[in-house]
Structure formats: C-alpha cells, structure tokens
Amino acid sequence: MTRTTSGAALPKSYRPADFEGEIYERWLAADVFAPDGGGSTADPDATPFVIIQPPPNITGALHLGHALTSALEDLMIRHARMEGRPTLWLPGLDHASIAAQYVLDRRLAGEGETRESLGRERYLERMWAFINATREVMLGQQRRIGASLDWSRLRFTMGDQTARAVRESFSRLYREGLAYRTEALVNWCPGCRTSVSDLEVIPTAETGTLWVVRYHVVDPATGAPSPTETVAVATTRPETILGDTAVAVHPDDERYRALVGATVRIPFVEREVPVLADDAVDPAFGTGAVKITPAHDHTDYETGRRHGLPMVTVLDDEARVSGTGTPYDGLDRYEARARIVADLEARGDLVESRPHDMLIGRCQRSNDVVEPRLKTQWFIRTGPLAEAALTATRSGRTRIVPRRFEKVWESWMTSIHDWNVSRQLWWGHRIPAWYCPDGHATVSPEEAGPAACEACGRPVAELTQDPDIFDTWYSSGLWPFATLGWPDDTPDLRRYYPGSVMETGYDIIFFWVARMMMLGIHFMGDVPFETVYLHGLVKDPFGARMSKTKGNVVDPLEAISTSGADSLRFALINGTSPGNDQKFRDEKLHEARNFANKLWNAARFVAGARPSTIPEAAARQSPDPARLGPTERWIASRTAATVRAVDRALAEFGFGEVTRILYDAIWSEYCDWGLELAKVRLADETLEPEVREATWWTLVEALDTYLRLLHPVMPFVTEALWATIPHREDDPDLLIVARWPQPAGRDPGLELEVGAIVELVRGIRNARAEARVEPAARLPVDVAVPARLAATFGALAPAVERLARARPLRTHPTAATLHDRAGSDGLAVIAGDLEAVVAVAPSGERTARPDSARLEKELAEAERFLAAARSRLADEAFTSKAPRAVVEGARTREVELAATVARLRDRLGRA
RNA sequence: GGGCGAUUGGCUCAGUCGGUUAGAGCGCGCGGUUCACAUCCGCGAGGUCGCUGGUUCGAAUCCAGCAUCGCCCACCA
C-alpha cells in the first residue's frame, strides 16, 4: 500500500461546510467507530475504553448542552482510540415518558383529541409515528457535530432488549424484597395525571396567602362545639380543611398544653378530631397549632402515621374536591379554596389572611402545582442500593470529577427516600405485575405474564396487568448493561462492562448517575463506570439558563453551519473547567473559527513550502539529525513540550486546559516563531539543499504532531489537513485511527538561547515602533552577542535580519566594542544579556535620545524587580528556609537584573 | 436552615499539591498591501487577583470570618 500525501492543493479559504460532512462519511465508510470495526487499528489486547453517555430524549432538538456532552465525550473517545485502545461509545435515545407524552398531548389537543379519546392502543401508535419522525433528526445532529459513536450498536430505551432487561430486573428486585407495592403519599401532577418522583418536583418561591382559621373545641360535657373556646390554625391551602383529621401542637408549648387531648370540630365536614402533641410542630410559626391533613401533605402524612390518624382523601386525579359530602365536591381545588375562605369568613371563623412567601412544588414538566395524594404504587427500596453505591465512591472504585460533587453525592445518597417508580402514563415500560381478583400480585419477567397467580393459582387469563408504566429513569438506570445485552451473558457485556467514564451535566447526577450506580452494582456486582465526569451548564451571555421561552437558545446546528462543527466544539471546551457553568457568546465561536483558520493556513504554508528537491509525492522522512540547526531543534523541542503538557492535562480531565495549551502552542509558537524562523531557512539559497529539506521535514513533523494532538477537539479540520502531509510508513489512511504522539526529548538549553533571541527581536520591534520608524524601513543594527550565544545567534542571524528588519546586522563580542562601532545615536535595545543598537539617523544631531522615555521606563521596572530580588536575598529567613532551587533562581535573577540595570544606566548616560 | 460554587485588567475566562516580573481571547490605542492567514501581522496601554485578619521566609493560591451573586438540598403549615 502506498503511503503518500494526497498532493491535492488545499483550497485557499477555510470553509468547514465544504468538507466536514464528507469527512464524516469517510470515517463511516472506513468503519472506524466501532471497537471491532473493519478499520479499527486498536490493539485488541489493550484495556477497552468505554464512554457512557446520557441518551438524549427522543422528543427534543439538541441544544448546546448536548453539543457540549458530545464534544467532551468525542474528545475522550478519540484520544483513547488514538492511543490504540478498543473504544466503545454506544449511541442511543431515551423514550422520556413524561416529556414525550407532554409533547404529543399538546399536539393532539390541536387536533381536538385527547389521550382518552384515542385510547391506549391508538395513542401508542401515534407515539411511535411521532418518535420515528424525530429520531432521525436527533441522530443526524450527533453526526453533524462529529460524534464518533458506534452506530452498529444503536439502542433505544423502548427497544425490545431494554424491555426484557426492565422486566427481568424488576422481577429480581421483587423477589429480593427490594421492590414493593404499597399505598403511600406520592407527588401527583394533576396536569400530567401521573405521580412523579421527588426529584421532578421543583420547589418554586411564590407569594401565596396564609389564612388563619378558627376551629371550635368540642365541649366534652355537651358534645357540642364551644362558641368561644377555639384553636386557631394557619394554612395556605384551606381546601385541605376538608381532609383534616387532627390538630397538632408542640408538646412544650405552654399556650396549648391544656388543649392537648381535647377534640375540635372541623368545619363543613363537621368531623371531630383530636388535638395532639407532636415534636414536628414549630411553635414559632403561625399560631403554633397546625391542622393535620395526612392524605394531602407530606409532613402531615408522617404525623398521621405516628399517631395512627385516619387519612381522608378529598381531591381526585384532576385536583377537584371529591367525596367530602359537601357542596364543594366537584369544584376545582382553587375554586373550592375561594369558596371555603368566603364561607369561613361568613361563619366568623376566619381570623386573618396575609400574604405569605413560600415554596410551592411544581411539576418539572407541566409546571402545575403538585398535589400530594395517597396512591397504591410500586416503590424500590433504595436503602441497601444506596449503601452499596456509597461504598463504591468512598472506596474510590468510582470517582467523581470534580471531587467537590462527592459531598453532594454523599448527602443525597445518605438521605435518600424509597423510589416511587409507578407512573400513570402509557408511553413507557409497563410494570410487569399482574393482579388476580383476590388481590394477589404476581411479578413476572415474561412479556406474556405469569402462567398463573403465584398465590392462588388462578390462570393468567383471569389476571390483570398493572396499568402503570415505569419512571423513565428506571430503564435509564439499566443503560450501562442493558445496552450490552443483559440479562444475557454476552461477549460485549463481559468486555465493555464496567465503563470507563460516565460523562454528563451535574444537573442529572441524582436522576441518572445515582440510579445507574445503584442498579448497576446490584445487577452486575460491579460499578457501571470508574469515573464520573460532570460538566457545567451552558448559559446565555448573561448567565441565564437557556430556554425556549426566554428565546435565548443557541441552536448547535446553526452554529455549525456558520462556523463549523470544529469551531463549536473548540468554543464549548475552551476555557471551561469541570463542573463549572459557562456563558456562551458568539465571540467564543469566532475565536475558535479564527483558530481553525490559522491552522488551515499554517498547513497550507507548509504544503507550499516544500523544497523543490523533495518530490511532490515523497514518502515521509524524519529530518536528518545531522542537518538540524537551532530553528529546527527549537521547533522540535517546543512540540515535545506541548505533547507533555497536553498529556498531563488530559490525565487530569483538564479539557479546557488542553485547548488553551494547543491554541498557544500552535498560534504563538509554531506559527509566530517556528514558521517565521523556518521561512528564512527555506529561502536561504546559501544553505545546502539537504539542510533545507531537514527544515521542511521538521515543519511537517511538528504539524503532524499538532494535528494529532488537536484531532480529539477539532476532528474535521485536522483530518482534512492531515491528508495533505506525507504520512509515515506505519500510518493508517485516516488520522482518526492514527497513533497519539509519543513525548520526545526536549532541549531546555536551546529553548533558552532561542528564547533570548526572540526577546531581542521583540525589543527591536518595540524600539522601532516607539520611535515611529517607518515599519517597512530596514535599519542597520549592531548587536553585542556574548560568547555563549554566539553559535545560536550566528545560525539565526538571517532570521533576525528579516524579523527585525535589520540590514545590515553586525555582531560584536562585547557591549564596549558595540558602542565603539555603532556610536550612541541609535536606539538602544536591552534584552537580557543581548544588547543592540538600531541606527535611526545615520548622521544625527546630538539631541535628547529618541528612546530615552522607553529606556527610563525599562530601567525603573528593572530596578524595582532588582530591589525586590535583593531584599528577598538579604533576608536570612528566605535563604535558609526556601528550597535551594528557589534561592538559586533568585540569585540568577538578581545577577541578570543587575546586568540589565547596568546596561540601561549606561545607555542613559548615568553612572 | 444546611451545603456547594463564583468573585482575577472594560467584557468573557484560564491559572490554586504556595515560589522568579499573574496569563489568554475579545474590546481599546498606535502602526501595517512582509510572497500561509486582514478569519491576518507588529507594537502598546490596562489588574493593590471581592474585603478583613491569620499561617508562612514567601499567599491570587492555604486557614478563619465577612460581603455580593448563583446553584443544590431541606416536612415551617
């Protein structure tokens, strides 16, 4: 097989839209995404690297958060792939019960239909039609951003495989006593007409009303309510009065001590209920006496259970008053509330009403006010599961990045409640529980249900399946192993479980990460992933959450079409750190696009700079070590430094650091100095052709390395550019499966020497600019070059001539000979121990120096630093206690500064 | 009420296992048709690193307290 450059000239302009799609197709055709794909170059014996991604909801379009997730996960997977590890990143979609039904219901409403009018079967048909239309959109968006997902393993959480896993896992939990069915107070959303988990209830700060209501104490003698003896209670929901079954006070509350044990009459329902003492009552709030509605309030429910109170349900599924035997039956909760308040006032039992700031629980999906209700539902006992999950994080088996979230994790996991998994919806996995007319429940992993009732043996035909479905997060929690074939013992499951990194936003740590951990450990006997990497949220430029209603969303596809997927990826990753939110602005996108453009042009330059002695389709060569000058060695050394820095950042999940390092290295080092210095070498006809060839191969080598390093962040442009440079013998055809660079040796001494010369060039440019020299003018420059820099300076002199526009450039052994020869008319430049004079006026009148202001400033600064260095060195505490290297550094620094100060004073004519 | 995070030049952000002179992009000022790039090049201005105190030879970095903003958790009706 031939390994050659394509030789095709790059288009002049960087236009990502012209090649990104085509490159993705090439990756697909080469079959390089799957760990066992035909184009994989992975070492089959290496430890696989597996990314667990949150499958996006099938209903929505991708937003920037998805784009960030894809960018980060793709970065990790590409890096691991280039390291030669088999990599698995399994794509999928989540069926999102509530979200999907919410969307479809609204659509149906537009057609004058409802869930009920269609019926379960036709409704689900509509749902499948709906999601089949959206799924391609969702998957297409991930392709656009360049995600190298293994499409051969695509999974949907409503697929048959997941359905089996759901039934099997739940049956096991039931048999193990970890799943149980009971009547309990659940969060009921009247809009969605389903229960929701605690996590899906959003506490919302609102100003409501606090009503103080008087209940009449029943006279034990007459059995009638006393007209005068009353107890006042405070409530924000007067309609729940109808469900009151007690009044509670704090046991230590002197005001009410005598009342404990008494009976009060609840208005309207005329129910007689006890006054009892309970620690949960806060004597300082309201009147210090609280009405207890066990069937409609979480706190009251607990109180009710402690005291064995009756639980009276007074609201139906749509939050209408029901079954109270009062005229309020059938009224909506808020209408009933208004009537009840009015009627209380009429009776003279309304003591007061005042505005009250409080937290109201609203449904995450529909925003309706959630109503606690008693329902018979399935729960999962989380205690033992959470304990195992905590053991995993405490032992370090699974670690969380950044670490501060471990604390959040701990506190949540240690105070976790049992998980209500029943949802009164249709779109989702049906709970595999069957009930017989005698009330026995049988849970079966079989789709058709059990053969007969476990308890009484009634045949399945007489059993009825639970109408409810599972909370979406139940199947999501099975994701890391259900997608690999569980409950079957498959090769994939053995090879790719547990996963390496689970990457997601910190906002779903409890929804998803916690559930995967609990279920994964339970069913697989090991954690589902070794590392949890949490990214921050993408906010708008003002720091607000992006939302459709605010109209501040940035569409990733639009960003891609204007700036390219590479730019969007770079923009999202650059300048971010784990777990921290970021504000996204167009400027970030522009910066990223400019960087891609820079890289594009650098590669174009390299391609065009090939010496004519190298054939166009030449095989890749390493530069001949014998022909390398300081320029070439500097480029190689700095490139090696970048490889090490990037490796270090990647090892610490510092992805924002990776982009910063590469941006600086490619732009400020490789382009600004590497290419500029190399240009001079390549154009130098006095050099042997072999030397110029070595220069060019050095540029190719460095460019190759930078393209590899940048590929995980900007896969498209790097792949496109890599195709234009000669490849090594052992390189594959595509960069995506090429090898990650090995760190090469550095040459710190040479880096310092070249660095000094770079500083001199900067100094000369600065002096010229300050003195308003015509930018294009070439001026004679005399430089004093100390012996230790002589060789390097000699080699770089032609470059200094060009970059500092110095002509002629003359060197002198000492500052004394320099000034002797150059006189004192010119602009003085002091850069470390290099000193130069730029001749501005060949025959000038001896007036004030044109550069005295600049030199004075430099002197003042140098003196300030020198004084600081000296005072530090004069401090015995410093010299005795600081590490030797730090003290030595300060000494060196002092010597250098002293020399600089002396030179500057000399130039300024001071002693 | 508990917890977490942020606070660095006009803006957006890096930088903390303490150590030379705190960085970048954008913006700003001056100047540029240098044959890769005006999506560019060169030069420059601009920061007592939120406040107070402590630890230390040395603090943007560690500790304590405070302030402002944001987020998470929590059964004050």
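Proteins come first, then strands; the chains are lettered A, B, ... in the order of their sequence lines, and each starts at number 1.
Here A:Arg864 lies out of heavy-atom contact (under 4.0 Å) with every strand. When heavy atoms are screened at a 4.0 angstrom cut-off, A:Glu591 is found touching the sugar-phosphate backbone but no base atom. Nucleic acid contact class of A:Arg593 (heavy atoms, under 4.0 Å, all strands): base. Looking at heavy-atom distances under 4.0 Å, A:Ala882 makes contact with a base. Within 4.0 Å of A:Thr235, counting heavy atoms only, lie sugar-phosphate atoms of the nucleic acid but no base atom. As judged by a 4.0 angstrom heavy-atom cut-off over every strand, A:Pro883 is placed among the base-contacting residues. Looking at heavy-atom distances under 4.0 Å, A:Arg772 makes contact with sugar-phosphate atoms alone, never a base. When heavy atoms are screened at a 4.0 angstrom cut-off, A:Gly656 is found touching no nucleic acid atom at all. A:Glu676 comes within contact range of at least one nucleobase, with a heavy-atom separation under 4.0 Å. Within the nucleic acid shown, A:Arg762 comes within 4.0 Å of sugar-phosphate atoms alone, with no base atom in reach, counting heavy atoms only.
Comparing B:U48 with B:U34, their C1' atoms sit 42 Å apart, to the nearest whole Å. Only the C1' atoms considered, B:U16 is 4 Å distant from B:U61, to the nearest whole Å. Taking atom C1' in both B:G2 and B:G47, the straight-line distance is 36 Å, to the nearest Å. Annotation: B:U33 and B:A38 have their P atoms spaced 14 Å apart (nearest Å). Rounded to the nearest Å, the gap between the C1' atom of B:C30 and that of B:G19 is 37 Å. Look at the C1' atom in both B:A64 and B:A59: the space between them is 15 Å, to the nearest Å. B:A14 and B:G25 have their P atoms separated by 16 Å, with the value rounded to a whole Å. Of the C1' atoms belonging to B:C13 and B:G54, the separation is 30 Å, rounded to the nearest Å.
Note on A:Glu759 versus A:Arg762: salt bridge recorded, some NZ/NE/NH1/NH2 to OD/OE distance being below 4.0 Å.
Using a 4.5 Å heavy-atom threshold, the side chains of A:Val700 and A:Trp696 count as touching. A heavy-atom distance below 4.5 Å is found between the side chains of A:Leu344 and A:Ile241.
When distances are taken from the side chain of A:His356 to each of B:A77, B:A74, B:A36, the shortest belongs to B:A77. Relative to the side chain of A:Ala602, the nucleotides B:C57, B:G44, B:A36 differ in distance, and B:A36 lies closest. Of the candidates B:A36, B:A45, B:U12, B:A36 carries the atom nearest the A:Lys598 side chain, counting heavy atoms from C-beta on. Minimum atom distance to the side chain of A:Asp282 is reached by B:A77, of the listed B:A77, B:G19, B:C30. Taking the side chain of A:Pro775 as heavy atoms from C-beta on, and the options B:C26, B:G32, B:C43, the nearest nucleotide is B:G32. Among the nucleotides B:C73, B:A36, B:C57, the one closest to any side-chain atom of A:Ala877 is B:C57. Each of B:U56, B:C43, B:C75 was ranked by its minimum atom distance to the side chain of A:Arg765; first place goes to B:C43. Nearest to the side-chain atoms of A:Glu657 among the listed nucleotides B:C76, B:G5, B:A14 stands B:A14. Distances from the side chain of A:Lys881 to the nucleotides B:C57, B:A36, B:U12 place B:C57 closest. Across B:G25, B:C37, B:A45, the shortest atom-to-atom separation from the side chain of A:Tyr663 is found for B:G25.
For A:Lys407 against B:C4, no side-chain N or O and base N or O form a donor-acceptor pair under 3.5 Å. Residue A:Lys679 places a side-chain atom within donor-acceptor reach of the base of B:A36, judged by atom type and a 3.5 Å distance cut-off alone. At a cut-off of 3.5 angstrom, counting only N and O atoms as typed in the model, there is no donor on one side facing an acceptor on the other between the side-chain of A:Gln582 and the base of B:A14.
For A:Arg884, the salt bridge (charged side-chain N to carboxylate O under 4.0 Å, His left out) criterion is met by no residue, not counting sequence neighbours. Under the side-chain hydrogen bond (donor to acceptor under 3.5 Å, both in side chains) criterion, A:Arg872 pairs with no residue at all, not counting sequence neighbours.
Between A:Leu589 atom CG and B:U12 atom C1' there is a gap of 14 Å when expressed in whole angstrom units. One interatomic measurement links the two molecules: CH2 of A:Trp667 to C1' of B:C41, which rounds to 10 Å at whole-angstrom precision. In this structure, the CZ atom of A:Phe865 is 20 Å from the P atom of B:G58, given to the nearest Å. Whole-Å rounding puts the A:Leu803 CG to B:C43 P distance at 11 Å. Here the P atom of nucleotide B:G1 and the CZ atom of A:Phe285 are 15 Å apart, to the nearest Å.
A:Lys588 has no side-chain polar atom (N or O) that falls below the 4.0 Å cut-off from OP1 or OP2 of B:U12. For B:C13, neither phosphate oxygen OP1 nor OP2 lies less than 4.0 angstrom from any side-chain nitrogen or oxygen of A:Asn574. Between A:Trp412 and B:C4 there is no side-chain N or O to OP1 or OP2 distance below 4.0 Å. OP1 or OP2 of B:A14 sits under 4.0 Å from a side-chain N or O of A:Ser577. Between B:G44 and A:Asn766, a contact under 4.0 Å exists linking OP1 or OP2 to a side-chain N or O.
Side-chain atoms of A:Trp419 and A:Ser197 include no donor-acceptor pair closer than 3.5 Å. Side-chain atoms of A:Thr879 and A:Glu876 include no donor-acceptor pair closer than 3.5 Å. A donor and an acceptor atom, one from each side chain of A:Asn580 and A:Ser577, are located under 3.5 Å apart.
Both A:Asp875 and A:Arg604 sit near RNA chain B, but only A:Arg604 has its closest nucleotide nearer the 5' end. Projected onto RNA chain B by closest heavy-atom contact, A:Ala769 and A:Phe510 fall at different nucleotides, the more 5' of which corresponds to A:Ala769.
Note: A:Phe19 and A:Trp600 have parallel aromatic rings, judged against thresholds of 30 and 60 degrees for the angle between ring planes. Aromatic ring orientation, A:His356 versus A:Phe285: perpendicular (interplanar angle above 60°, classes split at 30° and 60°).
With A:Arg805 contributing its side chain and A:Ala776 its backbone, the two residues share a donor-acceptor pair below 3.5 Å.
RNA chain B contains the following stems of three or more consecutive Watson-Crick or G-U pairs, with both distances under 3.5 Å: B:1-7 with B:67-73, B:10-13 with B:23-26, B:28-32 with B:40-44, B:50-54 with B:62-66.
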